[in-house]
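What follows is a single structure, written as structure tokens, with notes after it.
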Amino acid sequence: MKFIEQLKAVFISLKMVDKARNKKMTAADWQVIREEYRKVYGTELADDQAEYRRQQEANAAFATGDPSQDAADNAAALAILNAALAETSGGTPNDNEGTPAGGSAASAQRSGVVEAAHALASAFREMSKQPLPDNPVTVKGSALSPNGPGHTDAYFCGIEHPIFSMERRYNQIALNPAIALANPLSGTMEKEVGLEFRRQLSEYAASVAGRINELRRANMLNPQQLTAGISIGLDSGELGNQYLTRRTDLLIARLAEIQNVYDIFPRRFGVQDREVMINAFFGDFSQAYQKGGIWKGNVKLQPEICYVDDAMLKTQFDSMKKLEREYIGYLNTEGSDPIKWTMIEWTMLNISTKLIEEQNQRKILGIYVNPEEGKPGHTLNAGTGVYYTLLRYYNEGKIALVDDPAFSSYVSGVTMVECVTNMLLTLSQVVPDLKKYEVILNDNHQALWKSGLRAIYGKDTDFTGPQGDFVPDHQNRIRWCPYEGQLPLILLQKPSNIQAIELEAGEMHAMKFETEMEVVKVWSTWKEGTSATYAGKPFKTKAERAEHGFEDQEIFCNKPCITLAADAEAVAVRGDIRHYVTGENTAAKAISDITGAKPGVAYMIEVGDETYPQTIAKADKFADLTEAFTPTKKGDYLMVILNADGDKFLELERCVGGTRTINQALQPNVPGGR
């Protein structure tokens, strides 16, 4: 099956599955297939095909043909195989090419070709169905059920691999949980059993991380494909490894099914530190005819710098006794789980699930903060997400926010619908081709949106309301973004403009385990960040950007903020709002506190009126500021976050007199900070 798997992977990577299945491949298509096969595997397609046919003839008992195939499918299968196995001289063979006539040797060869055709055609049918069926991978007639061929005295699930050896205590417990209760771990056993468990777990974590990267490169990091058993990288020489790969793919499928934001903000890999993301803008080219060299038209390349910060997992948990008890609880409560995970797989699945959920929260509302020495950092501060990236573009003068109090928030379904529709109406008058943009709204407010639609449009549409995933009157598609808390953010972008940045797929899951006295330590490191391919033309200040409106801007969002009362001397945090603007004061005032501040959240205090802007002294809760905050212009701001102890505010950045300054000690990688 190695040849079939390799050929399938090539067809999938080149997106030619349906074309082959429908017999629409051209000579040029087959040449591309042969070249890609040679590039990926280093061998000729025709040579591997010949070897595969020899194996089929020598091992007829292990053929994977489907004897129930009807005549039409037989013909199609043979045609597909004949085409796929065309000679390297080029061309598309006819349906009868390669079918010898007469003689017993010819009959045997023809039988082998038909058997191979069945296998390949079956694979193509599997890949082209949507959704993909849950058919197990087969190797030489053995179904790769994730639960293996059945328990034996030597191996859990009968899978002949060291991880599943019944010599391991964790496998004995998986088969019979009573062992953990009848024979609890002693201190001596903990050292021996725990050491072996953590060694195996570290090796398995590394293999999961590697498998995630392998699947990503093959464009197969998809839960439906993985569940269906369409796998790559299977080595037919080691059945135990293939079972492990199959189970690993199903574990990865479960991780991939966790609600994420990557359909809205796709991931971009390979960023080590900083990378320039180029976007091209084409000027006008056409003009009325006239003689001579009157030239017109240009292409502008606008770079956007993306960057990543270092994130890590470092945790410790109690001895194996506690882990065993938790695992037994899982066995007792999750008995209906179709896959019986070993303790190693179960531990990996649970830790990785939590890591993914935390990372998705950061992808939206995270902001990187260099941790205080010797103190654990907040999960939201391990990387910077979409919201604070937008705030950075605003502070850099790259984008203007739709700064109208009518669009800053909403309190009901009706006001939400009116807020979104009116904001798009405002933008439609100044932004060309607004229909090309998707509207990203808070998934937690989806019910609010629907109630607003019913209230406004129900009487006009027999109480069904307009289509809920499009903005009424504008027909811009709505994307519902999870992990936004209760933030009333309204964001417009061209699809896939904003991206989640990482170094390697699966890097976060490459965990290492180590014992120190009575505790177990776990750690891994990775890199993550967020960037747009293009936000907007940069101006020196926000004021200058505001003068040019939305000129050369490709991301638009409201300003989810609260305007403080006149002469306010403190900021009272409300909900998930992170942005506060000072009002029109009657006298000089100072802000002395931010009440209700949440750990991990950065708060921005912006000057809304420069007649009497509030100052902030370097004292009390603000004693750790770099210096006192004394703004002079509208748009000046101070961004702060609670320290690890929660008793003082740390300064992330500020703008005074229109000049932006980043605290490099806490924000070392932010563009403009170094």
Side-chain angles (χ1 to χ4, degrees), residues 146-148 155-157 159 161-177 179-181 183-185 189-212 243-258 312-359 379 506-526:
N147 288 316
Y155 293 99
F156 178 70
C157 290
I159 300 174
H161 189 281
I163 283 183
F164 300 94
S165 172
M166 289 303 294
E167 294 179 359
R168 317 286 186 208
R169 176 180 168 89
Y170 58 83
N171 285 325
Q172 297 170 16
I173 294 172
L175 190 60
N176 181 11
I179 290 176
L181 301 176
N183 186 22
L185 282 170
M189 291 172 64
E190 164 67 28
K191 292 181 180 179
E192 297 177 357
V193 173
L195 180 63
E196 177 62 25
F197 176 79
R198 287 179 284 280
R199 186 182 68 80
Q200 293 284 345
L201 190 50
S202 295
E203 292 179 2
Y204 181 65
S207 71
V208 170
R211 183 62 173 168
I212 290 174
Y243 274 114
L244 180 60
T245 299
R246 172 70 172 138
R247 290 173 66 93
T248 300
D249 284 355
L250 291 176
L251 184 146
I252 294 171
R254 293 206 177 184
L255 297 177
E257 287 173 345
I258 298 172
M312 73 175 187
L313 152 74
K314 282 186 181 177
T315 190
Q316 61 184 32
F317 51 86
D318 295 335
S319 68
M320 287 284 294
K321 290 182 181 180
K322 182 176 180 180
L323 186 62
E324 286 182 354
R325 286 196 299 269
E326 291 174 348
Y327 178 62
I328 291 173
Y330 150 76
L331 293 176
N332 291 336
T333 58
E334 301 291 338
S336 60
D337 194 324
I339 302 173
K340 194 166 187 178
W341 301 112
T342 67
M343 194 186 300
I344 280 183
E345 295 165 316
W346 175 81
T347 302
M348 181 74 193
L349 178 61
N350 279 272
I351 295 177
S352 291
T353 296
K354 183 60 177 173
L355 284 173
I356 290 172
E357 291 172 346
E358 292 175 352
Q359 187 178 56
T379 182
E507 190 177 20
M508 179 173 67
H509 305 286
M511 292 171 275
K512 300 176 181 64
F513 297 78
E514 183 180 275
T515 302
E516 182 174 309
M517 298 182 70
E518 70 278 5
V519 300
V520 178
K521 294 185 175 181
V522 187
W523 74 94
S524 66
T525 59
W526 64 94

**Report entry** Distance (rounded to the nearest 0.5 Å) between L250 CG and L349 CG
**Finding:** 11.0 Å
Query raised in the report: Does H509 reach the side chain of I356, with side-chain heavy atoms less than 4.5 Å apart?
Result: yes
Query raised in the report: Looking only at atom types and distance, does a side-chain atom of Q172 sit under 3.5 Å from a main-chain N or O of M166, one as donor and one as acceptor?
Result: yes
**Report entry** R247 side chain near N147 side chain, heavy-atom distance below 4.5 Å
**Finding:** yes
Query raised in the report: Would a 4.5 Å heavy-atom cut-off, applied to side chains only, mark I344 and R168 as touching?
Result: no
Query - Min side-chain heavy-atom separation Y204-T347 under 4.5 Å - result: no
Query raised in the report: Once the angle between the rings of F156 and F164 is folded into 0 to 90°, is it parallel (under 30°), tilted (30 to 60°) or perpendicular (over 60°)?
Result: parallel
**Report entry** Any donor-acceptor pair under 3.5 Å from S524 side chain to M508 backbone
**Finding:** yes
Report task. State whether R199 and E196 are salt-bridged, where the test is any N-O pair (Lys NZ or Arg NE/NH1/NH2 against Asp/Glu carboxylate O) under 4.0 Å. Result -> yes
Query raised in the report: Does the side chain of M511 reach to within under 4.5 Å of the side chain of L355, using non-hydrogen atoms?
Result: yes
Query raised in the report: Does the side chain of F197 reach to within under 4.5 Å of the side chain of R169, using non-hydrogen atoms?
Result: no
Requested in this report: Taking Y327 for its side chain and P177 for its backbone only, find out whether a donor-acceptor pair lies under 3.5 Å.
Outcome: no
Report task. For residues L244 and I159, determine if any side-chain heavy atom of one lies less than 4.5 Å from a side-chain heavy atom of the other. Result -> no
